[in-house]
Amino acid sequence: MRALRVVGLHEDGKSIVCEDPASRTRFLLPADERLRAAARGDITRLGQIEIEMESQMRPREIQTRIRAGESVAQVAATAGVPEQRIERYAYPVLLERSRTAELAQHAHPIREDGPDVQTLGEVVAYSFGVRGHDYSQAQWDSWKGDDGKWVVVLRWKAGRSDNRAHWSFSPGAHGGTVHALDEHADDLLDPNSYRAPRQLRAVEPDPVEEVEQPTLDSVEPLADVIEVEPEEETREIPRVPAEEPAPPAKPEPAPRPKSKRSHPTIPSWEDVLLGVRSQRG
C-alpha cells in the first residue's frame with residue numbers, strides 16, 4: 001500500500017489534494033462524511049456509513065427489525081451485507097429483548113378474579129414439572145409488536161415436537177402483568193387442566209404350540225416293526241369246522257321234600273320249670 005501526503009484543500013472546497021512523495025503524483029480525495037469520520041477515529045459512524053453505502057437499510061431500520069423479533073441472520077440477508085455489519089447495531093437491541101423477557105417472568109398472570117399471586121415463571125415451572133418437561137431447557141425471548149406492546153415467547157421441545165407459548169407483557173408496578181395469547185399459554189397457566197396421555201400397549205398373541213411334523217427320518221420303516229416270514233405268506237390257512245350246537249341241557253329234577261323223621265321233642269323252658277312232661281308225637 002502506497003502512502004500519500006495531504007497537500008491541501010482543492011479549489012472546489014469538496015476534495016482533498018494528496019500527493020505521492022516518490023513519484024510526485026497527485027490525487028483527489030472526496031472530503032465526505034466517511035473521510036471526516038475516519039479522521040475523527042469514529043469507528044461506529046464509519047461502519048454505519050459503510051452499511052448505508054452497501055445497502056438501502058439504515059441502522060435505525062436494522063434496530064427496528066431486530067426489536068420486532070427478526071434475527072441478525074434474517075436482517076443481514078435482507079440488507080445484503082455480512083452478519084458482522086449487523087451485529088454491532090443489533091447487540092444493544094438483543095440485550096433489550098433479553099432483559100424484557102426476564103422481567104416478564106416476574107410479572108403476574110391475569111386471572112378471572114384479577115392478577116395471580118404467583119409470577120409467570122413460577123406457574124410455568126410448576127406446569128413443566130406436572131408434564132414431566134425439563135424447564136431448564138426452555139428458552140425465553142421477547143419482541144415488540146406493531147401496537148407497541150411487548151410479546152413474550154417461551155420455546156421448548158417435548159419429544160419430537162417444538163412448542164411455543166406467547167403472552168402479552170405490560171410492565172408496571174409489582175412486576176407488571178401478562179395475558180395469554182394462544183392455547184399453549186393458557187394450558188401452562190392452568191396446570192390442573194393437564195391430563196397425561198394414555199399409553200397404548202401392544203397386545204401380544206398367545207404363543208401357539210407348534211406340533212412337530214413327522215419326518216421321513218423319524219418314521220420307522222414297517223419292515224422293522226412287523227416282520228413276516230416268507231413261509232407264513234405261502235402257508236395255507238386250515239379251515240376250522242363249524243361247531244355243532246350243543247344239545248339243550250336237561251332240566252334238573254325238583255328237590256324232593258325231606259321226609260319227616262321222628263326226632264325227640266325238646267321240652268320248653270316252661271315245662272321244665274313246671275315239671276310237665278311233654279308227650280311224644
Side-chain angles (χ1 to χ4, degrees), residues 51 57-79 81 83-197:
I51 293 177
M57 190 178 298
R58 299 178 63 85
R60 184 181 297 274
E61 184 180 356
I62 292 175
Q63 293 185 342
T64 301
R65 286 177 173 268
I66 296 294
R67 188 175 287 107
E70 293 188 23
S71 63
V72 173
Q74 291 174 338
V75 176
T78 303
V81 296
E83 294 184 12
Q84 292 78 7
R85 301 286 179 85
I86 303 297
E87 288 177 350
R88 66 184 69 178
Y89 303 103
Y91 182 73
V93 181
L94 292 175
L95 287 179
E96 181 184 11
R97 289 172 51 179
S98 178
R99 178 59 179 168
T100 303
E102 183 179 354
L103 293 175
Q105 298 179 49
H106 299 280
H108 300 272
I110 296 298
R111 305 289 188 178
E112 296 180 357
D113 54 350
D116 196 339
V117 177
Q118 293 182 322
T119 63
L120 176 62
E122 293 173 346
V123 176
V124 172
Y126 178 75
S127 296
F128 268 60
V130 172
R131 289 164 171 77
H133 302 328
D134 189 0
Y135 182 66
S136 62
Q137 300 298 325
Q139 297 179 354
W140 289 92
D141 195 6
S142 66
W143 64 78
K144 210 167 192 179
D146 297 335
D147 55 356
K149 295 183 179 180
W150 283 97
V151 176
V152 183
V153 59
L154 177 64
R155 299 183 179 92
W156 76 96
K157 192 169 185 179
R160 297 183 178 180
S161 60
D162 296 326
N163 303 302
R164 295 184 181 184
H166 301 83
W167 294 271
S168 175
F169 172 51
S170 300
H174 307 288
T177 57
V178 289
H179 296 263
L181 297 179
D182 53 30
E183 184 178 356
H184 284 300
D186 280 328
D187 292 340
L188 291 177
L189 293 182
D190 188 8
N192 297 326
S193 64
Y194 175 73
R195 296 292 182 271

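- In this structure, R111 and L189 have side chains that are in contact, with non-hydrogen atoms separated by less than 4.5 Å.
- Between H108 and L120, the closest side-chain pair of non-hydrogen atoms is not below 4.5 Å.
- Shortest non-hydrogen contact noted between P109 and T119 is CD-C, 4.0 Å.
- Taking a 6.0 Å sphere around CD of Q139, one finds it holds 12 or fewer heavy atoms contributed by other residues, nucleotides or ligands.
- Side-chain atoms of S142 come within 3.5 Å of backbone atoms of R97 as a donor-acceptor pair (strictly under, hydrogens ignored).
- Atoms CD and OH, on E61 and Y89 in that order, are 13.5 Å from each other to the nearest 0.5 Å.
- Classified by interplanar angle (parallel below 30°, tilted 30° to 60°, perpendicular above 60°), the ring pair H184/W156 is perpendicular.
- Between A107 and T177, the shortest heavy-atom distance links the atoms CB-N, 3.9 Å.
- The shortest distance between side-chain heavy atoms of V123 and L188 does not fall below 4.5 Å.
- Taking every heavy atom of both residues into account, W150 and R67 meet most closely at CH2-CG, 4.1 Å.
- Between K149 and the choices V151, D146, D147, the side-chain contact (heavy atoms from CB on, under 4.5 Å) rule is met once, by D147.
- Closest approach of H166 and A185 over heavy atoms only: O-CB, 3.3 Å.
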- Step-by-step side chain to side chain contact (heavy atoms under 4.5 Å, CB included) determination, K157 to Q137: CA-CA 8 Å; K157 192 169 185 179; Q137 300 298 325; over 6 Å; no
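- With sequence neighbours excluded, the residues satisfying salt bridge (charged side-chain N to carboxylate O under 4.0 Å, His left out) with E102 are R99.
- Looking at every heavy atom in both residues, G121 comes nearest to Y135 through O-OH, 3.9 Å.
- Partner W143 forms a side-chain contact (heavy atoms from CB on, under 4.5 Å) with one of I66, V153, T100 and no other, that one being V153.
- A salt bridge does not link R155 with D162: none of the charged nitrogens is closer than 4.0 Å to a carboxylate oxygen.
- Side-chain contact check for W167 versus L154: some heavy-atom pair is nearer than 4.5 Å.
- Contact between V178 and A104 at its shortest, heavy atoms only, is CG1-O, 4.1 Å.
- Of the listed residues (Q63, R65, E70, K144), just one forms a side-chain contact (heavy atoms from CB on, under 4.5 Å) with V93, and that residue is Q63.
- By the side-chain contact (heavy atoms from CB on, under 4.5 Å) test, S71 is found to be paired with A73, Q74, residues two or more places apart in sequence or in another chain being considered.
- With rounding to the nearest 0.5 angstrom, the CD atom of E96 is 13.5 Å from the OH atom of Y91.
- For T64 (side chain) and R60 (main-chain N/O), a donor-acceptor pair under 3.5 Å exists by modelled atom type.
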